[in-house]
Amino acid sequence: MGSYIFRRCIRRLPGAVIHAVPIPEPEVTVGFGSREQIGPICKALGAKSVLLVTDKTLFSLGFHEKIVGSLKAEGVPCAVFSDISTEPTTDIIRAGRQAAVDCKADCIAALGGGSVMDSSKIIAAGAKKPNKSVSRYLHKFDFIKGKTLPLITVPSTAGTGAEYTVGAVVKNSKGVKNSTVVVGLDVRHVVLDSELTVGAPQSVTVWCGIDALSHGLEGVLSDVKYNEDDMKKSSACVRLVMENLPVLLNDPGNIDARQKMALAAFYGGNAINKQLAGYIHACAHSIGGLYHIPHGKAIAFCTMPVLDMLRDVCREKLAALSVYCGTAKDSDRADIAAKKFFSALKKLLDDCGLEKGCAALKKEDYPKLLKMINADSINYSPPKTFKNSEVIGILDHIAKGE
Ligand SMILES: [Fe+2]
């Protein structure tokens, strides 16, 4: 995994493979309180029994009640499974699958953050074959015969894009995280309800927002064959965050900005599905994993140092993105336009009040991190394969916050 030549040779492979995976094409409902539409949505799908999957916190806050009420009003039976924890394990997935079997669910509604979304994907896959070992759903690719149970997803954060991504991360029985691509995932409807994010702590809003932005940004920059619609969505993801995250820093209750951030996160999910991530994520996964730093915070540490290393190779794309985001004019030279985008993004990160530099990052951990970053990077098709010396340079910048 560590060989630069090997990594460079296979750089475009993940981008080619991901195009062979069927991607769901869900309908989208947007609006404050829009989860009350789930009853009519499920009725229209012909659902006879719905399992609502959520986590303990959202359940205790009663956020599921509007969904249960709307299903009841439409005469669609519903059971609730609310045992999802921060990091889902095979035991919890097994219990969730049993709940789906017990209520004869023919549709799964998922209300929550990335963990609930990922758990629900495996539950929707596993419910079709309840006697199969859950661990067998945690291979690199999980091929479902036909499709999973249909899913209606309602994200409670505006960041991961997991409401629609085909990947799922679940801990196996040994506590090791497995990343699985669910081939045959059937997300039918995504409901973007800003009422769920309006009371979020500012740190969650910021970290999730920066995470969403990084999905769009890495999508734009990735070396993957794309169509114009996907590129537009990835660019829109970046612009929506750059325009609306500053609004939320001063006015957290701004519903319009909340709704646009939810849309940005959804577009970011499209970027992950169709264009993959890159070195910002490879570094953030490794640093976040080693030092137990939340994903969005780790992304914030890694964004500028990685982007800086891609400055030359991605100049044209960054210039076009800068014009699209309104940070540069059409008439600006490419290097000037790209520089303006850098400045605007750096200002956004500064305005978010994030820590300057990752204090946890230690030089003695560099060899371990180098291995982790190189290994993770081969899951993506980044615009450039970094040499070890370049990754070390990035780690230095992350540590200092440059
Ligand atoms: Fe991410």
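In this text the structure is predicted, and so the values were computed from the model without any measurement. Counting starts at 1 for both ligands and their atoms, following the listed order.
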### Task
Identify which protein N/O/S atoms are less than 2.8 Å from the Fe ion (ligand 1).
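Metal shell, protein only: Asp211 OD1, His215 NE2, His281 NE2, His295 NE2.
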
### Message
Donor-acceptor check, side chain of Ser322 to backbone of Ala338, threshold 3.5 angstrom: yes or no?
### Response
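Not a single qualifying donor-acceptor pair exists.
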
#### Entry: Check: Lys384 side chain, Val313 main-chain N or O, donor-acceptor pair, under 3.5 Å
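No; zero donor-acceptor contacts below 3.5 Å.
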
### Task
Please name the residue in the list Thr89, Ile122, Val134, Ile123 that meets the side chain to side chain contact (heavy atoms under 4.5 Å, CB included) test with Arg94.
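Passing option: Val134.
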
### Query
Listed by chain and number, what are the side-chain contact (heavy atoms from CB on, under 4.5 Å) partners of Val323, not counting sequence neighbours?
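Checked Val323 against side-chain contact (heavy atoms from CB on, under 4.5 Å); matches are Ala328, Asp330.
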
### Query
Below 4.5 Å, heavy atoms only, C-beta onward: do Asp230 and Asn270 meet side chain to side chain?
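Yes. Closest side-chain heavy atoms under 4.5 Å.
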
### Query
Between Asp351 and Lys347, is there a side-chain N and carboxylate O pair less than 4.0 Å apart?
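Salt bridge: yes.
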
